[in-house]
Enquirer: 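Supplied in structure tokens, the structure appears directly below.
All values derive from a computational prediction rather than experimental measurement. Just so it is clear: chains get the letters A, B, ... in the order the sequence lines come, proteins before strands, and each one is counted from 1.
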Amino acid sequence: MAAAESPGEGRMMEKIVSLCRRRGFLFQSSEIYGGMNGCWDYGPLGVELKRNVKDAWWRDMISAHDDISVLAGAPAAFEMVGLDSTILMHPQVWKCSGHYDLFHDMMVDCRESKKRYRFDQIRGRWVEAKGRRAFVAVIADADAEQEVAHARAMKFFNLRGKDADKLVWDGEFISLEDVGEVEEVLAPDAKTLGSLTEPREFNLMFQTNIGAVVDVESTAFLRPETAQGIFCNFKNVVDSSRVQIPFGIAQIGKSFRNEITPRNFTFRVREFEQMEMEFFCHPSQSSEWYRFWRDRRMAWYQAHGLSGEHLIMREHAEDELSHYSTGTADIEYAFPFLPPGSFGELEGIAHRGDFDLRSHSEGKLDPNSNPLVVELGENGKPKYKGSGKDLSYRDPVSNERFIPHVIEPAAGADRAALAFLCEAYCEDEAPDDSGKLQSRTVLRFHPRLAPTKVAVLPLVKKDGMPEYAQGLYRELKKEFPVFYDEKSAVGRRYRRQDEIGTPFCVTIDGETLSDGTVTIRDRDTMEQRRVKPDEVVEIVRRAMRT
RNA sequence: GCGGGCGUAGCUCAGGGGUAGAGCGUCAGCUUCCCAAGCUGAAUGUCGUGGGUUCGAAUCCCAUCGCCCGCUCCA
């Protein structure tokens with residue numbers, strides 16, 4: 001096999017996007033109406049791929065999890081349960097989770113410098129010179145803002161150092177929010193006045209209204225992450241399911257973020273599917289559990305085909321972490337659309353301490369406080385009131401009552417599917433029937449992720465081969481997604497299956513009719529061997545399991 | 001949101017004011033006992049969308065939507 005093209009080279013991503021469309025993995029949403037930015041539909045093969053990704057995750061997290069053994073690397077045995085919470089939740093959820101503040105900003109654009117600023121972050125001071133008045137805006141730390149403003153004012157009024165006393169400052173530094181005269185503002189990176197646009201609202205959460213009456217009281221948000229549905233149900237799950245700490249609650253579902261610039265195929269989109277798990281444990285063991293989940297999640301991607309150097313784990317440096325967290329790691333993949341050497345996030349594994357449960361109980365905590373305290377509003381009361389419900393946990397053995405710490409592996413299902421797709425994409429060469437090398441496109445999916453597991457092909461369309469093949473097709477179809485194809489030359493049919501990543505092709509030939517054996521062809525090696533038809537199920541099953 | 005590039009058949013693209021082309025793919029048939037481009041035949045587009053200029057627009061102009069790249073933003 002000749003050298004395969006690796007991601008990052010050439011027009012790799014264009015080829016993948018083209019293949020996805022041509023073969024029915026992904027289509028642009030609402031395409032017949034011109035498309036919708038940041039929205040993609042999964043076609044017949046794509047939906048199978050993505051569902052296989054989610055199934056593999058769910059199996060690993062929930063249905064195949066062994067509650068009673070102590071897994072390698074784990075501090076103890078643990079339980080796992082699932083959940084499916086709603087997309088619409090009480091508006092207070094997002095205030096206490098921090099999303100409301102984080103995702104809700106007024107922004108201004110500078111027409112001159114093309115930069116965009118958060119409206120509340122721009123401060124400045126009125127100054128007068130040469131009979132003109134200007135509001136010199138800066139983005140700087142409080143102790144440096146006068147220095148920066150002075151330098152900019154000098155430059156703006158075209159003054160020399162000795163004329164510094166001609167600058168007449170008027171008043172103290174104030175926020176741009178308190179300035180009405182937009183046309184007299186010198187934007188932080190501009191040389192002329194009045195280059196800033198009016199402040200515009202940027203809401204990264206999708207807003208809607210509950211009920212038919214539209215008013216402020218009815219405003220609701222589409223969830224920007226699934227995790228909060230888990231935190232809000234923590235008590236319900238504990239009270240109803242007999243789980244004991246340590247345990248995890250997992251959920252797969254759609255989330256929505258009104259990204260300003262959706263880009264890079266399905267990597268940054270406005271509607272996406274998450275696979276999230278919140279793992280609740282005793283604070284004294286949380287660091288061990290963090291390391292366990294971090295390594296386990298990495299191993300999951302590797303086991304499903306991202307085994308090469310395109311996958312990395314990036315541990316956040318100490319100074320990137322919130323003080324209440326003992327660790328955060330991103331699992332990242334070198335997507336072909338990224339510059340060489342850069343990686344895009346597939347999953348974040350975060351040690352979140354007791355931040356979330358306490359915020360939903362006491363009121364939104366100030367993430368910068370240490371120890372964590374409730375963030376206060378201007379009136380000295382909690383900025384966002386919590387539920388007031390006790391979300392602590394009583395250990396039934398020791399009787400100790402504590403607020404559990406949380407380890408959160410949060411993965412993107414669409415991003416994972418895209419990474420598996422990119423990693424699987426491969427162009428190699430294979431000889432045609434005259435021995436000449438021809439290019440071959442093949443998706444080397446892990447058999448568990450492949451949309452179709454087996455193709456059944458009668459070698460020629462005569463001598464009873466189709467009938468025999470159809471019988472085998474029906475038999476295999478009881479177990480897996482199987483494809484039957486009797487059209488055109490067998491070589492071409494092999495290539496078609498390679499291109500959609502079908503791991504096995506079973507061919508019925510003249511020998512089948514005399515001795516009852518079929519050939520099974522391996523997608524990656526293109527080697528075939530003769531087996532009994534009833535062995536096929538076991539071969540495929542085994543490949544999917546490993 | 002800003003700047004640049006691009007939208008013609010399922011895909012890759014050619015054409016550049018006078019009523020739409022190629023290759024591949026697809027489909028049908030033939031051939032074929034193992035790795036796509038053998039043979040024969042067929043289908044397919046209001047040239048992204050809307051408007052304007054013109055006797056006439058895929059072609060020129062404007063707007064809009066989408067894609068790609070760079071900024072910006074975002075985890």
Enquirer: Could you list the protein-to-nucleotides 6-9 of chain B atom pairs, N/O on both sides, closer than 3.5 Å?
Expert:
none

Enquirer: Check whether A/Y494 forms a cation-pi arrangement with A/R521 (NZ or CZ under 6.0 Å from the six-membered ring centre, at most 45° off the ring normal).
Expert: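 Flagged: A/R521 positioned over aromatic ring of A/Y494.
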Enquirer: Look up atom CD in A/E276 and atom CH2 in A/W57, then write down how far apart they are to the nearest 0.5 Å.
Expert: 8.0 Å
Enquirer: Let's test this: given Watson-Crick or G-U wobble pairing with both distances under 3.5 Å, identify the partner of B/rC71.
Expert: B/rG1
Enquirer: With both distances kept under 3.5 Å, what pairs with B/rG66, Watson-Crick or G-U wobble?
Expert: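 Its partner is B/rC6 (Watson-Crick or G-U wobble, both distances under 3.5 Å).
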Enquirer: To the nearest angstrom, how far is A/R23 atom CZ from B/rU12 atom C1'?
Expert: 16 Å
Enquirer: By nearest nucleotide on RNA chain B, pick out whichever of A/S18 and A/C39 is the more 5' one.
Expert: A/S18
Enquirer: Measuring only the C1' atom in each nucleotide, how far is B/rG7 from B/rA75? A whole number of Å is fine.
Expert: 32 Å
Enquirer: Identify whether NZ of Lys or CZ of Arg in A/K95 sits under 6.0 Å from the centre of the six-membered ring of A/Y100 and within 45° of that ring's axis.
Expert: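 Because its charged atom sits under 6.0 Å from the ring centre and within 45° of the axis, A/K95 does stack over A/Y100.
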Enquirer: Is there side-chain contact between A/L222 and A/M205, with at least one heavy-atom pair below 4.5 Å?
Expert: no
Enquirer: Kindly point out which of B/rU32, B/rG25, B/rC69 is positioned nearest to the side chain of A/R492?
Expert: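 Among B/rU32, B/rG25, B/rC69, the one nearest the side chain of A/R492 is B/rG25.
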Enquirer: Among the candidates B/rG10, B/rC69, B/rC35, find the nucleotide nearest to the side-chain atoms of A/M526.
Expert: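 Of the candidates, B/rC35 comes closest.
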Enquirer: Using atom CE of A/M13 as one end and atom C1' of B/rC67 as the other, report the distance to the nearest whole Å.
Expert: 13 Å
Enquirer: Can you identify which nucleotide, out of B/rC33, B/rG10, B/rA75, has its nearest atom closest to the A/R22 side chain?
Expert: B/rG10
Enquirer: Answer yes or no: is there an ion pair linking A/D498 with A/R493, defined by an N-O contact shorter than 4.0 Å?
Expert: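 A salt bridge is absent here (no side-chain N lies under 4.0 Å from a carboxylate O).
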Enquirer: If I pick the P atom on B/rA42 and the same atom on B/rU54, what distance separates them, to the nearest angstrom?
Expert: 43 Å
Enquirer: Which whole-number value in Å describes the distance from A/L204 CG to B/rA75 P?
Expert: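 Roughly 7 Å, once rounded to whole Å.
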Enquirer: Paired with B/rG21: which nucleotide, if any, by Watson-Crick or G-U wobble criteria at under 3.5 Å for both distances?
Expert: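 Across all strands, the one nucleotide that pairs with B/rG21 is B/rC13.
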Enquirer: What integer number of Å spans the P atoms of B/rG48 and B/rC11?
Expert: 13 Å
Enquirer: Could you work out the separation of B/rA36 and B/rU46 based on their C1' atoms and round it to a whole Å?
Expert: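 So the two C1' atoms sit 35 Å from each other.
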Enquirer: Please give the distance between the C1' atoms of B/rU53 and B/rU59 as a whole number of Å.
Expert: 13 Å
Enquirer: Describe the nucleic acid contact of A/S488 in one word from base, sugar-phosphate, nothing, applying a heavy-atom distance below 4.0 Å.
Expert: nothing
Enquirer: How many angstroms lie between atom CZ of A/F25 and atom CG of A/L418, to the nearest 0.5 angstrom?
Expert: 12.0 Å
Enquirer: How far does the C1' atom of B/rC34 sit from the matching atom of B/rG70, given to the nearest Å?
Expert: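 Comparing C1' positions in B/rC34 and B/rG70 gives a spacing of 50 Å.
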Enquirer: Starting at CZ of A/R21 and ending at P of B/rG66, how long is that distance when rounded to a whole Å?
Expert: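 Computing the A/R21:CZ to B/rG66:P distance gives 16 Å.
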Enquirer: Do the side-chain N or O atoms of A/R496 get closer than 4.0 angstrom to the phosphate oxygens (OP1, OP2) of B/rG25?
Expert: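 So the side chain of A/R496 is outside the cut-off, no N or O lying under 4.0 Å from OP1 or OP2 of B/rG25.
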Enquirer: For A/E499, what residues pass the side chain to side chain contact (heavy atoms under 4.5 Å, CB included) criterion, not counting sequence neighbours?
Expert: A/L19, A/R22, A/R23, A/T441
Enquirer: Taking atom types as they are modelled, would you say the side chain of A/R521 forms a donor-acceptor pair with the base of B/rC35 within the 3.5 Å cutoff?
Expert: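 When only heavy-atom distances are counted, A/R521 does reach the base of B/rC35 through a donor-acceptor pair under 3.5 Å.
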Enquirer: Within the 4.0 Å heavy-atom criterion, would you say A/R263 contacts the bases, only the backbone, or no part of the nucleic acid?
Expert: base
Enquirer: In whole angstroms, how far is the C1' atom of B/rC73 from the CG atom of A/L102?
Expert: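 About 13 Å, once rounded to whole Å.
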Enquirer: Is there a Watson-Crick or G-U wobble partner for B/rG45 with both distances under 3.5 Å, and if so, which one is it?
Expert: none
Enquirer: Using Watson-Crick or G-U wobble geometry with both distances below 3.5 Å, tell me the partner of B/rC39, or none.
Expert: B/rG29
Enquirer: Tell me which residues in residues 265-272 of chain A put a heavy atom below 4.0 Å from RNA chain B, sorted by number, or none.
Expert: A/F265, A/R268
Enquirer: Would you kindly give the CG-to-P distance between A/L459 and B/rU31, to the nearest whole Å?
Expert: 15 Å
Enquirer: Do NZ/NE/NH1/NH2 and the carboxylate oxygens of A/E278 and A/R352 come within less than 4.0 Å?
Expert: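 A salt bridge is absent here (no side-chain N lies under 4.0 Å from a carboxylate O).
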Enquirer: Could you state the atom-to-atom distance from NE2 of A/H99 to C1' of B/rC74 in whole Å?
Expert: 12 Å
Enquirer: For A/D498, which contact category applies under a 4.0 Å heavy-atom criterion: base, sugar-phosphate, or nothing?
Expert: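 Counting heavy atoms under 4.0 Å across all strands, no contact is made by A/D498.
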Enquirer: Is A/R415 positioned over the aromatic face of A/F267, cation under 6.0 angstrom from the ring centre and no more than 45 degrees off axis?
Expert: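 Yes, A/R415 sits over the ring of A/F267.
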Enquirer: Both A/G38 and A/T519 contact RNA chain B. Taking the nearest nucleotide for each, which residue is further toward the 5' end?
Expert: A/T519
Enquirer: Base, sugar-phosphate, or nothing: which does A/Q528 touch, judged by heavy atoms less than 4.0 Å apart?
Expert: base
Enquirer: Rounding to an integer number of angstrom, what distance separates B/rC13 and B/rC71 when you compare their P atoms?
Expert: 25 Å
Enquirer: Whether A/D509 and A/R530 form a salt bridge (side-chain N of Lys/Arg under 4.0 Å from carboxylate O of Asp/Glu) is what I want to check.
Expert: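 Yes.
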Enquirer: Taking B/rC55 as the reference, what is the distance to B/rA14 when you measure between their C1' atoms (whole Å, please)?
Expert: 29 Å
Enquirer: With the side chain of A/T507 defined as its heavy atoms from C-beta on, choose the nearest nucleotide among B/rC34, B/rA36, B/rC67.
Expert: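 Minimum distance to the A/T507 side chain belongs to B/rC34.
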Enquirer: For A/M465 and B/rU32, what is the distance between atoms CE and P respectively, to the nearest whole Å?
Expert: 12 Å
Enquirer: Could you report the tightest heavy-atom contact between A/T507 and A/T512, atom names first, then the distance?
Expert: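 Heavy-atom minimum between the residues: O-OG1, 4.3 Å.
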Enquirer: With side chain to side chain donor-acceptor pair (under 3.5 Å) as the test, pick out the partner of A/T502 among A/K453, A/Q497, A/R496, A/R523.
Expert: A/Q497
